[in-house]
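Some notes on the structure that comes next.
These figures come from a predicted structure and were not determined experimentally.
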Amino acid sequence: MADTDASKVKAIANHLKGLNDSDIQMYIDDAKEELERYSIKDEHKERLQRYLAAHYASLNQRRADSHSISGRISVSYSSSDNGSGLDSTEYGQEYKRLLRRATGLRLIVL
């Protein structure tokens, strides 16, 4: 199985492009270790690694939820109390969807 690489993870979202490849590689390594818990066919592993690494890399990235320009400039950020669960990023949500499809498992977040 071919592992994912930093360029593929960075291609998922613009906010990841500013991260160093070595930082992205750390997230990829963490994703690979997490995926070892499951019996997954090789054909699914690279994509799962990619989205889980993007999720990990996005957890500490502050991104604007909305912008407003009409006499006043305003930027709103999402609350940091969303936690760090898979549902806290769209990449974590996609990882969960892909994992369910690859394993037939239903994930329960406590």
Side-chain angles (χ1 to χ4, degrees):
M1 175 203 76
D3 292 327
T4 198
D5 60 45
S7 65
K8 288 181 179 180
V9 174
K10 288 180 176 185
I12 291 175
N14 282 334
H15 73 277
L16 300 175
K17 290 182 171 100
L19 297 175
N20 295 323
D21 284 359
S22 60
D23 292 338
I24 296 287
Q25 187 58 52
M26 178 187 64
Y27 297 124
I28 291 169
D29 293 343
D30 289 349
K32 285 170 40 178
E33 185 176 324
E34 179 67 23
L35 284 169
E36 289 175 2
R37 299 174 51 205
Y38 302 100
S39 177
I40 299 170
K41 293 179 182 178
D42 285 348
E43 63 198 54
H44 300 292
K45 287 183 180 178
E46 188 276 332
R47 190 171 179 198
L48 284 161
Q49 285 176 8
R50 191 174 352 132
Y51 277 91
L52 187 54
H55 167 72
Y56 290 154
S58 297
L59 290 176
N60 292 325
Q61 296 288 318
R62 193 166 182 209
R63 293 179 288 153
D65 277 344
S66 65
H67 301 269
S68 165
I69 301 176
S70 61
R72 293 191 334 195
I73 297 175
S74 173
V75 178
S76 298
Y77 294 95
S78 63
S79 172
S80 62
D81 55 350
N82 287 340
S84 59
L86 292 171
D87 286 328
S88 65
T89 71
E90 57 267 40
Y91 317 107
Q93 294 168 20
E94 178 64 2
Y95 167 78
K96 278 177 43 175
R97 185 188 74 78
L98 293 169
L99 186 62
R100 277 193 306 267
R101 208 168 90 198
T103 63
L105 292 177
R106 297 206 43 92
L107 294 178
I108 299 172
V109 179
L110 302 174

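Using a 4.0 Å cut-off between charged nitrogen and carboxylate oxygen, Glu36 and Lys32 do not count as a salt-bridge pair. Looking at Lys96 and Asp87, a side-chain N of the basic residue comes within less than 4.0 Å of a carboxylate O on the acidic one, giving a salt bridge. With salt bridges taken as basic N to acidic carboxylate O contacts below 4.0 Å, none links Arg50 and Glu94.
Taken from OH in Tyr56 to CG in Leu16, the straight-line distance is 14.5 Å, to the nearest 0.5 Å. Going from atom OH of Tyr51 over to atom CD1 of Ile12 covers 5.0 Å, rounded to the nearest 0.5 Å. With values rounded to the nearest 0.5 angstrom, Arg101 atom CZ is found 9.0 Å from Leu48 atom CG. Distance check: Glu46 CD to His44 NE2 gives 12.5 Å after rounding to the nearest 0.5 Å. In this structure, the separation between CG on Asp5 and CD1 on Ile24 is 10.5 Å, given to the nearest 0.5 Å. Interatomic distance, Gln49 CD to Glu34 CD, rounded to the nearest 0.5 Å: 12.0 Å.
With 3.5 Å as the limit, one finds no donor-acceptor pair spanning the side chains of Asn20 and Ser22. Asp29 and Gln25 form a side-chain donor-acceptor contact under 3.5 Å, judged by distance and modelled atom types alone.
For Asn14, the side chain to side chain contact (heavy atoms under 4.5 Å, CB included) test picks out Lys17, with sequence neighbours left out. Every residue two or more places apart in sequence or in another chain was checked for a salt bridge (Lys or Arg N to Asp or Glu O under 4.0 Å) with Asp30, and none qualifies. In this structure, Gln93 has no side-chain hydrogen bond (donor to acceptor under 3.5 Å, both in side chains) partners at least two apart in sequence or on a different chain.
Taking each heavy atom of Ala53 and Ala31 in turn, the nearest pair found is N-CB, 4.0 Å. Across all their heavy atoms, His55 and Ser88 have their closest contact at CE1-OG, 3.7 Å.
Checking side-chain atoms of Lys10 against main-chain N and O of Leu19 turns up a donor-acceptor pair under 3.5 Å.
Under the 4.5 Å side-chain criterion, counting only non-hydrogen atoms from C-beta, Ser58 is not in contact with Glu90. Using a 4.5 Å heavy-atom cutoff, the side chains of Ser39 and Thr103 are not in contact. Inter-residue side-chain proximity for Tyr27 and Val9 is flagged as unmet; no heavy-atom pair is nearer than 4.5 Å.
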Worked verdict on Ile40 versus Leu99 for side-chain contact (heavy atoms from CB on, under 4.5 Å): CA-CA 9 Å; Ile40 299 170; Leu99 186 62; 3.6 Å; yes

